[in-house]
2 protein chains.
Amino acid sequence: MPPEKTVTPSPSRPPSPSPSREERRRQILDAVGRIILDGGLSGATFRSIATEAGVSVRLVQYYFGTRDELLLAVQEDVAARSTARLIDRLEATDGSPREGLRAMLISFIPTDDDSRIAMLMYVSLHTSWLMDRGSAPEDSYAVPRLGHATIVDHLERAGLGEDVDIDTEATLLMTLVTGLSLWVLDGMHTAEEVIAALDHQLNRLFAG
Amino acid sequence: MPPEKTVTPSPSRPPSPSPSREERRRQILDAVGRIILDGGLSGATFRSIATEAGVSVRLVQYYFGTRDELLLAVQEDVAARSTARLIDRLEATDGSPREGLRAMLISFIPTDDDSRIAMLMYVSLHTSWLMDRGSAPEDSYAVPRLGHATIVDHLERAGLGEDVDIDTEATLLMTLVTGLSLWVLDGMHTAEEVIAALDHQLNRLFAG
DNA sequence: AAAGTCATGGTACACTCGTACCATGATGAC
DNA sequence: GTCATCATGGTACGAGTGTACCATGACTTT
């Protein structure tokens, strides 16, 4: 097993000249991202990852262990980043529930390179797990669940009519952005088009 | 290359004792389905397929050629079956545009074993192609496109208000069922739940 | 100064996979 | 009756993969 939490009795080497453990992990994880981006998950082998990251195969093993553990770490990383982006967008908007909701929903749609890579990795890993093993790791479900909860929260604070079924509306919105995102990845729609569609749905909801 | 269209000057052996070409292909394609169902696409190797179908590896090659060609044939098959199911559901309902629309949309959602297998194969193959090569084969896009067109057709015949943006509504519905289906596959929602959500959206659309 | 740990490289092993090649009955054509 | 063609089996080969193993400098600790 790799370094683990190492209660490291040596507080040494914080600003070391050679990369720290965290930097090395980052370096390798980023390499995995680039590889998945244009070779798919099946192209992400120990050798290709090592080459892309400019390190030896041994080092990838050293930091991440077996292949499954590596992919799990990648999944955790992309989930953490997605969550961070979601919260970021949320806080960057004014207090209006509707605007916050909109910003949050759009954070799921692949608009720039960063979110496109994240989405690609997410889909690759998630479907791979789902298909090969029947279920995905917990982290994989955490993001959409958080999304759903956040939508519910915003809808409640929006003070919609009492006849609005908030949970169902949240499910509709969450699955909607899922589908929209996939269609953007597919290239069947542009990000602008699907955002327009999303706004259409939001308009109806907030006008109803 | 396998048999091809063979303008077969011999009209012989239509009711032969040993399986016909079409039966053999069917037999192998079904085996692929069962394998993908519980082993994922990566579990579908020539050897596993041959064993599952009860034939030799050579025979799988003989009928489908290379692995890519095999997977392409599988994709075509599942697309054809999905289309057939769509049309089936469509014709099995009375003339009401709304009911036809509803039946058609539900045909995308994995409700029984058959549609679940189809959906799994569809997602496996489509994402695999999308990731590994950047785009999927044409057949892969045909189904959602047909879905979209059919939705538009039904909405037009439904005589909704003139302020209804039919194309956008069709996009919303199509991407919605995409997302809903995936969530059912994930196990995060049951088919009943997502159908209820879908009905909610339909109600709003037809009441608006 | 010795010893131990950390971070790293190189490499060999066993395995699986896709594919190509060779063989052989059966069936129909001439 | 000979011969080509079809449908099928068996198998060998080369490439790639994940992983385990051994080696070695650089630091820390004692």
Minimum side-chain heavy-atom gap [X]-[Y] below 4.5 Å:
X      : Y      : value
B/Y122 : B/V143 : yes
B/L29  : B/V78  : no
B/T171 : B/I151 : no

Report the distance from atom [atom1] of [X] to atom [atom2] of [N], rounded to the nearest whole Å.
X     : N      : atom1 : atom2 : answer
B/L59 : D/dT8  : CG    : P     : 5 Å
A/L71 : D/dG18 : CG    : C1'   : 12 Å
A/L70 : D/dG18 : CG    : P     : 10 Å
A/I49 : D/dT17 : CD1   : C1'   : 12 Å
B/E23 : D/dT8  : CD    : C1'   : 16 Å
A/Y62 : D/dC21 : OH    : C1'   : 16 Å

key: Salt-bridge contact A/D112-A/R116 (side-chain N to carboxylate O under 4.0 Å)   = no
query = Residues two or more places apart in sequence or in another chain: which of them pass ring-ring contact (aromatic ring centres under 6.0 Å, His included) with B/W183?
reply =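 ring-ring contact (aromatic ring centres under 6.0 Å, His included) list for B/W183, sorted by chain: B/H189.
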task = May I have the step-by-step check of salt bridge (charged side-chain N to carboxylate O under 4.0 Å, His left out) for A/E76 and A/R81, ending in yes or no?
result = CA-CA 9 Å; A/E76 284 170 4; A/R81 285 166 154 247; over 6 Å; no
request  = Using salt bridge (charged side-chain N to carboxylate O under 4.0 Å, His left out) as the criterion, list what pairs up with A/R89, not counting sequence neighbours.
outcome  = none
ask   = Excluding sequence neighbours, so at least two apart, what forms salt bridge (charged side-chain N to carboxylate O under 4.0 Å, His left out) with A/D30?
value =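 With sequence neighbours excluded, A/D30 shows a salt bridge (charged side-chain N to carboxylate O under 4.0 Å, His left out) to A/R26, given in chain and number order.
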request  = Would you please test B/Q61 and B/R58 for side-chain hydrogen bond (donor to acceptor under 3.5 Å, both in side chains) and show each step?
outcome  = CA-CA 5 Å; B/Q61 293 182 277; B/R58 180 65 183 80; 4.9 Å; no
Where do N or O atoms of nucleotides 11-18 of chain C meet protein N or O atoms at under 3.5 Å, pair by pair?
{"residue": "C/dG18", "atom": "OP1", "partner": "B/R67", "partner atom": "NE", "Å": "2.7"}
{"residue": "C/dG18", "atom": "OP2", "partner": "B/F46", "partner atom": "N", "Å": "3.0"}
{"residue": "C/dG18", "atom": "N7", "partner": "B/R47", "partner atom": "NH1", "Å": "2.9"}
{"residue": "C/dG18", "atom": "O6", "partner": "B/R47", "partner atom": "NH2", "Å": "2.8"}

ask   = Considering all heavy atoms of both residues, which atom of A/P137 and which atom of A/Q75 are nearest to each other, and what is their separation?
value =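 That closest heavy-atom pairing would be CG-CG, 4.2 Å.
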query = Which of these nucleotides, D/dA7, C/dG9, D/dT8, is closest to any side-chain atom of B/R24?
reply = D/dT8
inquiry  = Of the listed nucleotides (C/dT8, D/dT8, D/dG9), which one gets closest to any side-chain atom of A/Y63?
reply    =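 Nearest nucleotide to the side chain: C/dT8.
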Can you name the atoms? Protein N/O to nucleotides 24-26 of chain D N/O, anything below 3.5 Å, with the distance.
none

key: Axis deviation across the helix from C/dA1-D/dT30 to C/dC30-D/dG1, five-pair ends, to the nearest 10°   = 10°
query = With respect to A/L125, which candidate in A/L130, A/D139, A/L120, A/L41 satisfies the side chain to side chain contact (heavy atoms under 4.5 Å, CB included) definition?
reply =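 Of all the options given, the one that passes is A/L41.
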